[in-house]
Amino acid sequence: MPLKPFTGSFTQQEALDDNVIAAAATVLKSGRLHRYNTAEGELSKASELEQAYALYQGARFCLACASGGYAMAIALRAAGLKPGETVLTNGFTLAPVPGAIASAGGKSVLVEITADLVIDLEDLERKARSTGARFLLLSNMRGHLVDMDRLSDLVRRHSMILIEDCAHTMGAAWNGRKSGGFGLAGCFSTQTYKHLNSGEGGLLTSDDPDFMARAILLSGSYMLYERHGAAPPAEAFGRIRLETPNMSGRMDNLRAAILLPQLARLENSIDRWNERYLAVEEGLRPVEGLVLPRRPEAERYVGSSIQFRLPGLSRQGAEALVAACKALGVELKWFGAADPVGFTSTHHSWRYVDPQLLPQTDHVLSSLFDMRLPLTFTVEECRHIASIIAHCAHGSSPSVP
Ligand SMILES: *Cc1c(COP(=O)(O)O)cnc(C)c1O
């Protein structure tokens with residue numbers, strides 16, 4: 001029996017509700033869109049967001065800024081990265097990560113990933129030793145958390161500075177500790193496809209007052225750092241206020257205003273994402289030859305996307321699967337393609353980074369498929385999507401003896 005095609009849109013986010021629209025209208029009517037354009041004694045929306053996010057994250061300090069990529073770049077600078085200095089990072093991540101390292105003047109050394117899509121701790125250990133790198137920009141790509149206890153131990157043993165890319169792990173946790181709270185800083189994105197949607201935007205969190213003071217100055221504080229919502233005391237700025245360049249990348253009040261009501265609902269959104277994730281996972285589990293990444297007990301994840309592998313599928317087989325799913329309305333991304341499509345670039349297309357050999361990562365990516373799960377899909381629709389993938393995977397899988 002032919003399957004009914006799926007007709008939903010994989011790029012359709014939820015509409016922003018009346019609370020959000022009202023919050024935006026209030027800012028627009030005030031005319032005070034710049035974060036430092038406040039009335040006497042008024043706390044700006046950007047500052048209010050910093051307070052609310054610091055509280056949610058359990059961090060002492062928070063800076064609202066222009067994007068997740070910007071948060072990572074100024075985190076590296078504020079942490080003391082020197083021009084040309086090595087930064088270790090995952091061999092599988094999104095382009096803004098090596099891009100942030102490049103923009104901060106660093107040199108990316110890429111670390112292999114495992115079949116569970118997390119950084120390979122053995123390769124990390126090897127490269128920490130061989131490079132002597134001071135920095136690890138850990139990317140929790142597609143929301144998968146490595147064993148953070150082992151990672152923290154490794155970082156400590158090598159005296160590395162850990163900065164976490166939490167673009168896909170906002171709200172996630174390891175053994176009850178929030179992702180982004182394991183090292184010097186956590187970097188978050190509020191770009192449309194992440195867990196909060198302001199089109200573009202970023203949040204940087206830390207417990208370190210000197211680091212956060214530098215980050216705030218770097219973000220372009222015009223010496224108005226005392227007006228921040230979750231900033232260290234004025235003393236922390238004293239020595240560095242005239243030495244730190246202004247690299248404007250602030251968040252404006254309009255974005256902050258539309259993020260605040262979304263943040264209040266984030267836990268609810270996470271539950272809804274996970275219901276959808278589980279529905280797809282359940283539908284894919286019985287498919288012969290299909291491997292789902294392991295989700296450890298200690299990990300609290302946010303299922304805003306799902307990944308699976310079909311090891312043993314040929315290049316033609318993978319292309320055929322993507323095409324068959326597409327014909328039935330299901331948009332899969334395949335990370336094995338030679339040329340980057342949409343958001344699926346691999347380290348081979350980051351030509352601004354020195355070419356590096358990552359055979360294990362390449363092997364994993366050659367059979368890796370990825371799919372977004374927007375909250376506009378119902379759980380029932382997620383079951384439908386899974387049945388389409390199962391059907392197409394069955395048709396395209398190599399004959400398993
Ligand atoms: C989206 C994303 C970022 C940050 O992206 P911006 O577009 O700069 O906000 C960082 N890392 C990963 C893995 C991402 O997917």
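Whatever order the structure lists ligands and atoms in, that order sets their numbers, starting from 1.
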Legend entry - side chain to side chain contact (heavy atoms under 4.5 Å, CB included) between Ser304 and Tyr193, worked out: CA-CA 9 Å; Ser304 52; Tyr193 296 114; over 6 Å; no
Inset, instruction - Check step by step if side chain to side chain contact (heavy atoms under 4.5 Å, CB included) holds for Ile389 and Leu332. - result: CA-CA 9 Å; Ile389 299 171; Leu332 289 184; 4.0 Å; yes
Legend entry - Stepwise salt bridge (Lys or Arg N to Asp or Glu O under 4.0 Å) test for Glu243 and Arg214: CA-CA 10 Å; Glu243 294 164 6; Arg214 279 192 296 274; over 6 Å; no
Inset, instruction - Below 4.0 angstrom from a heavy atom of Gly69, which ligand 1 atoms are there? Numbered from 1 as shown, please. - result: 4 (C), 6 (P), 8 (O), 9 (O)
Inset, instruction - Could you walk me through whether Glu125 and Arg157 pass salt bridge (Lys or Arg N to Asp or Glu O under 4.0 Å), step by step? - result: CA-CA 10 Å; Glu125 179 95 52; Arg157 280 188 288 105; 2.9 Å; yes
Inset, instruction - State whether the shortest distance between N or O atoms of Pro96 and N or O atoms of ligand 1 falls below 3.5 angstrom. - result: no
Inset, instruction - May I ask you to list the atoms of ligand 1 that are less than 4.0 angstrom from any heavy atom of Met141? - result: 13 (C)
Inset, instruction - Would you mind running through ligand 1 and noting each atom that sits below 4.0 Å from a heavy atom of Ser189? - result: 4 (C), 5 (O), 6 (P), 9 (O)
Legend entry - Thr93 N/O under 3.5 Å from ligand 1 N/O: no
Inset, instruction - Calculate, to the nearest 0.5 Å, the distance between atoms CZ and CG belonging to Phe182 and Asn140 respectively. - result: 9.0 Å
Legend entry - Which residue and heavy atom of the protein sit nearest atom 13 (C) of ligand 1, plus the separation: Asp165 OD2, 3.3 Å
Inset, instruction - For atom 2 (C) of ligand 1, find the nearest protein heavy atom and state the residue, atom name and distance (0.1 Å precision). - result: Lys194 NZ, 2.4 Å
Inset, instruction - For ligand 1, indicate whether the residue Val97 contacts it via side chain, backbone, both or neither (heavy-atom separation under 4.0 Å). - result: side chain
Legend entry - Contact check: Arg142 vs ligand 1, nitrogen or oxygen atoms, below 3.5 angstrom: no
Inset, instruction - State which residue, out of Leu263, Thr205, Leu203, fulfils the side-chain contact (heavy atoms from CB on, under 4.5 Å) condition with Tyr56. - result: Leu263
Inset, instruction - Working to the nearest 0.5 Å, report the span between NE2 of His158 and OG1 of Thr131. - result: 9.5 Å
Inset, instruction - Would you mind listing which atoms of ligand 1 come within a distance below 4.0 Å of any non-hydrogen atom of Ala167? - result: 2 (C), 3 (C), 10 (C), 11 (N), 12 (C), 14 (C)
Inset, instruction - Looking only at distances, please establish whether an N/O atom of ligand 1 is found under 3.5 Å from an N/O atom of Leu94. - result: no
Legend entry - Lys/Arg cation over aromatic Phe10: Lys333, 6.0 Å, 45° cone: no
Legend entry - CA sep, side-chain torsions, deciding dist, call: Arg239, Asp210, side chain to side chain contact (heavy atoms under 4.5 Å, CB included): CA-CA 10 Å; Arg239 281 171 297 108; Asp210 296 321; 3.8 Å; yes
Legend entry - Tyr70-ligand 1 polar pair, N/O distance under 3.5 Å: no
Legend entry - Heteroatom proximity flag, Ser139 to ligand 1, N/O under 3.5 Å: no
Inset, instruction - Kindly identify the option in His168, Gln191, Met72 whose heavy atom sits closest to atom 15 (O) of ligand 1. - result: His168
